[in-house]
Amino acid sequence: MADDGNQENPFTNKPSFIHGEIIKTSYDGSKNDLLTGGLGKSGLAGSAPTFTDPKNPTASELRTLAIYNNYRALVDISEGGGYGVLYGPNITINSKITNNEGLIAGDEFLAFADNGSGRENITMMVQVPATFNPLLACIITAPSPGSRGVYGAIATAGEWGLKHGCAVAYTDKGTGTGAHNLQNHMVNLIQGQRVDADTAGKNSNFTAMLKERDRQIFNAKTPNRFAFKHAHSQLNPEKDWGKNVLQSIEFAFFLLNKEFGESIGNGKNKKVQPSITPDNTIVIASSVSNGGAASIRAAEQDQQGLIDGVAVSEPNVNPVFDSGFRIVQGNRKPVFEHSRSLYDYTTMLNVYQGCVNRDPALAGVPLNMTPSELGQNRCASLHELGLLQSTTPEEQAAEAQRLINDFGLLPEQNIIQPLNWFISVPQALAVTYANAYARQRVENNLCDYSFGATDLITGKSVPLSVETEVKLFSVSTGIPPTPLIGGVDVINNASVGEPKRQRESISPSSQRQDENLDGALCLRSLATGIDVITKNKLTGQMRSIHAKLTRGIEQVRATGNLHGIPTVIVTGRNDQILPPNHTSRAYFGLNQRVEGEASNLRYYEVTNAQHLDTLNASSGFDNRFIPLHYYLIEALDLMFAHLTNGTPLPPNQVIHTTPRGGTDGLALPISDANLPPIAANPDAEDLITFTGDAVLIPE
């Protein structure tokens, strides 16, 4: 914080980390609003909004499309799945269904947090609903999930906070949609407009650290490529996610004091609003996935007493490994090697899942759409390299599945991974996090990967159209591939013949189309420090990169020390991206070891729930999975009641839900009967316990 100003309340001072203009926009809740971008409940469920000029959208149009895409990316938008019935803009805080479109009036503030160099430029946003009451002040944090832009958590923590009249403190955590087109030198501004990087200067969301001559050389060798902020900032932004959340809270306090801390009225009616401080404000750190992990790490790092409680869902925590406890689910084999990093288990998946998709046991799983020839090629390549011992494609696929599950990933996630593979989740995560943790420059083309637009049919590298590029702020997840036809994808530079999108590429080692196994093995070797094929320790440049990557991972490890802050973690047992044995379960065990009886952490594990609720609208997912989002809402409700009324938090437990049933694509409508509440007094057989050397999870 700055040193001058009100010394009794330092939050009246503009934080020293805020640089440049603070952009304030007011929304009337009629034509436009904080929560839905003016679309309302019906608009969010409808077709995507368009731009008046497809090549030159306004900041307002970009914002509306960003809210539309980010909202739908986090929740199931189908009525049968719960939208508009159990959750959504039209549902009140008392779970009442209304005919209201759910628009929320208020003010929105945007600014960059930075050290003055313009290299960090972490987007901070605070939304203050018109219903905010400074005498009953509350702040909810909503750091973005994944690597999304600042509107990433609008549907989750954002909606809950705004409905409750709380200010919502958002941050993109230094990832966001920082997309630098190295060919035309275009970048994003804070509100998403695309401009020349030199013109943007320090106002750029992200510009790769690349000298002009080096950029020209790079473009000549590999034209039409992109640098993305999470992968190529060379800052390992994840190490600062906790700090970013704390900064967003400080920024919110400053703005609230600025807006509400002044004298009001005249004469005898004149009065001064009280200062808004942590002492008289409820602050709940929340969000999901990467955002949930950011809020947990903020609580671990909170030295100012800013945070009163934490309520998060499916957090991407990378706990410090503690060999002093094991994890046991029911009568299953104990897991001793828990707490693996995201990079470790993701690169394992990235090697073997392409083969697993051919497993006969997965024949009936939903949306297993990768061409079987590619899976057979991956299996054959793995066998030739000695990484699978089985001889038939079916046996090889089953063997690959066993290797994945023996790595601590639950069998409950097996049926979801084929779709995850088809939409390139492990492939994209492995590339981005390798670059981020090892602080690689974009021109390094780590493991012969790059990012760029590709032809939809041939997979060849092509220029990105202007109409598509201007949408990047609004449609990108911050990690290629972007979810739109003709968008930025992951390219295998080493493909035989010429660079191609990795699905269409041909690996030099096998001379077959095996979805770039060579690249996957390179990334996996960087995880282990041992060449996957030769079993020898890495040498030279690869050894150096492995050392940097290892240091990067250590910088993001969670300590398990929440300093007694009341905390609720909700996780789906079927989580296919962040396996519970390496994330939530492991963090719960670590916290029990670190804080012991002083712990105020509660862990709730939900059956029939996976990581991406938005998939629940898909055929085969609709009748198998329930919305985990529903339990984040309940977790926030429980935490708010605990902090305001002293209501005890329920004990650690498994919540056994009931799938909707019906046939694939024709699931029955969801109801409360599918979603039992988090029990204040759960049955003994549902309790999650810690014995001193084991986390015990009921079936």
Side-chain angles (χ1 to χ4, degrees), residues 147 175-188 194-198 200 204-235 424 427-436 438-473 475-506 508 515-516 518-519 522-523 545:
S147 302
T175 56
T177 308
H180 181 185
N181 186 333
L182 297 168
Q183 190 70 44
N184 63 21
H185 208 31
M186 299 290 281
V187 297
N188 288 111
R194 299 289 288 176
V195 300
D196 178 80
D198 293 332
S204 167
N205 178 288
F206 165 66
T207 301
M209 296 294 290
L210 195 62
K211 293 180 180 179
E212 180 59 24
R213 174 175 170 77
D214 293 334
R215 184 175 70 87
Q216 292 176 3
I217 294 172
F218 180 78
N219 288 335
K221 292 181 178 179
T222 49
N224 304 314
R225 299 302 202 270
F226 278 74
F228 269 72
K229 189 171 186 177
H230 189 170
H232 299 126
S233 68
Q234 299 174 248
L235 297 173
S424 297
Q427 303 96 309
L429 292 177
V431 175
T432 289
Y433 281 85
N435 278 278
R439 302 188 185 223
Q440 292 294 287
R441 300 173 63 88
V442 63
E443 64 268 35
N444 291 353
N445 289 328
L446 182 64
C447 291
D448 288 317
Y449 286 100
S450 63
F451 297 148
T454 57
D455 181 82
L456 183 62
I457 304 301
T458 67
K460 294 180 180 180
S461 173
V462 296
L464 188 65
S465 71
V466 174
E467 292 87 348
T468 301
E469 182 171 347
V470 297
K471 292 181 180 180
L472 284 175
F473 172 83
V475 302
S476 173
T477 63
I479 291 182
T482 55
L484 72 159
I485 293 176
V488 182
D489 216 313
V490 180
I491 295 175
N492 176 10
N493 289 347
S495 178
V496 174
E498 63 180 303
K500 285 187 177 182
R501 181 171 53 235
Q502 65 175 356
R503 182 154 289 161
E504 286 76 23
S505 69
I506 299 175
E515 300 191 81
N516 191 13
D518 289 350
C522 176
L523 295 174
I545 295 172

Worksheet item: Of the non-hydrogen atoms in Ala179 and Arg194, which two are nearest, and what is the gap between them?
Response: O-NH1, 2.5 Å
Discussion item. Pairing donors with acceptors under 3.5 angstrom, does anything connect the side chains of Ser505 and Asn516?
Written reply: no
Worksheet entry | Donor-acceptor contact below 3.5 Å, side chain Arg215 vs main chain Arg213 | no
Item to complete: For the residue pair Arg503 and Pro481, establish whether any side-chain heavy-atom pair is separated by less than 4.5 Å.
Response: no
Item to complete: Would you mind reporting whether Leu464 and Gln183 have side-chain heavy atoms less than 4.5 Å apart?
Response: no
Fill in: Spatial distance of atom CD1 (Ile479) from atom OH (Tyr433) [nearest 0.5 Å]
5.0 Å
Worksheet entry | Student check: side-chain heavy atoms of Glu498 and Ser461 closer than 4.5 Å | no
Item to complete: Can you spot which of Val490, Asp489, Val488 makes a side-chain contact (heavy atoms from CB on, under 4.5 Å) with Thr454?
Response: Asp489
Practice prompt. Spell out, as yes or no, whether a donor-acceptor pair under 3.5 Å connects the side chain of Ser465 to the backbone of Thr468.
Written response: yes
Fill in: Minimum heavy-atom distance Val496-Pro508, with the two atoms named
CG2-CA, 3.9 Å
Worksheet entry | Arg501 (side chain) donor-acceptor with Leu456 (main chain) under 3.5 angstrom | yes
Fill in: Thr482 versus Ser476, closest heavy-atom pair with distance
CG2-OG, 3.5 Å
Worksheet item: Considering all heavy atoms of both residues, which atom of Ala428 and which atom of Pro480 are nearest to each other, and what is their separation?
Response: CB-O, 3.0 Å
Worksheet, complete the sentence: What one should report as the nearest heavy-atom pair of Ile491 and Ala453 is CD1-O, 4.2 Å
Worksheet item: With a 4.5 Å heavy-atom cut-off, do Leu472 and Phe226 have their side chains touching?
Response: yes
Practice prompt. State the NZ-NZ distance between Lys460 and Lys500, to the nearest 0.5 angstrom.
Written response: 6.0 Å
Item to complete: Hey, can you tell me if His180 and His185 have their rings parallel, tilted or perpendicular (30° and 60° cut-offs)?
Response: tilted
Discussion item. Determine whether Val462 and Asn224 satisfy the following criterion, side chain to side chain contact (heavy atoms under 4.5 Å, CB included), listing intermediate values before the conclusion.
Written reply: CA-CA 6 Å; Val462 296; Asn224 304 314; 5.7 Å; no
Discussion item. Between Leu210 and Arg441, is there a side-chain heavy-atom distance shorter than 4.5 Å?
Written reply: yes
Practice prompt. Decide yes or no on side chain to side chain contact (heavy atoms under 4.5 Å, CB included) for Glu504 and Ser495, but give the supporting numbers first.
Written response: CA-CA 9 Å; Glu504 286 76 23; Ser495 178; over 6 Å; no
Discussion item. Between Glu212 and Gln216, does the side chain to side chain contact (heavy atoms under 4.5 Å, CB included) criterion hold? Intermediate values first, please.
Written reply: CA-CA 6 Å; Glu212 180 59 24; Gln216 292 176 3; 3.1 Å; yes
Discussion item. Exactly one of Asn181, Val195, Asn205 should register a side-chain contact (heavy atoms from CB on, under 4.5 Å) with Asn188. Which one does?
Written reply: Asn205
Fill in: Short side-chain donor-acceptor distance under 3.5 Å, Asn184 and Glu469
yes
Item to complete: Mind checking the CG-NE2 spacing from Leu446 to His232? Nearest 0.5 Å is all I need.
Response: 8.0 Å
Worksheet item: Is the Phe228 ring parallel, tilted or perpendicular to the Phe451 ring (thresholds 30°, 60°)?
Response: perpendicular
Worksheet entry | Under 3.5 Å donor-acceptor, Asp196 side chain and Asp198 backbone | yes
Practice prompt. Determine, stepwise, if the pair Glu443 / Lys221 fulfils side chain to side chain contact (heavy atoms under 4.5 Å, CB included).
Written response: CA-CA 10 Å; Glu443 64 268 35; Lys221 292 181 178 179; over 6 Å; no
Item to complete: To the nearest 0.5 angstrom, please state how far the NZ atom of Lys229 sits from the OG1 atom of Thr207.
Response: 9.5 Å
Discussion item. Could you measure the distance from the CG atom of Leu523 to the CG atom of Asp448? Nearest 0.5 Å is fine.
Written reply: 10.5 Å
Worksheet, complete the sentence: Output for pair (Asn493 CG, Cys447 SG), nearest 0.5 Å, gives 11.5 Å
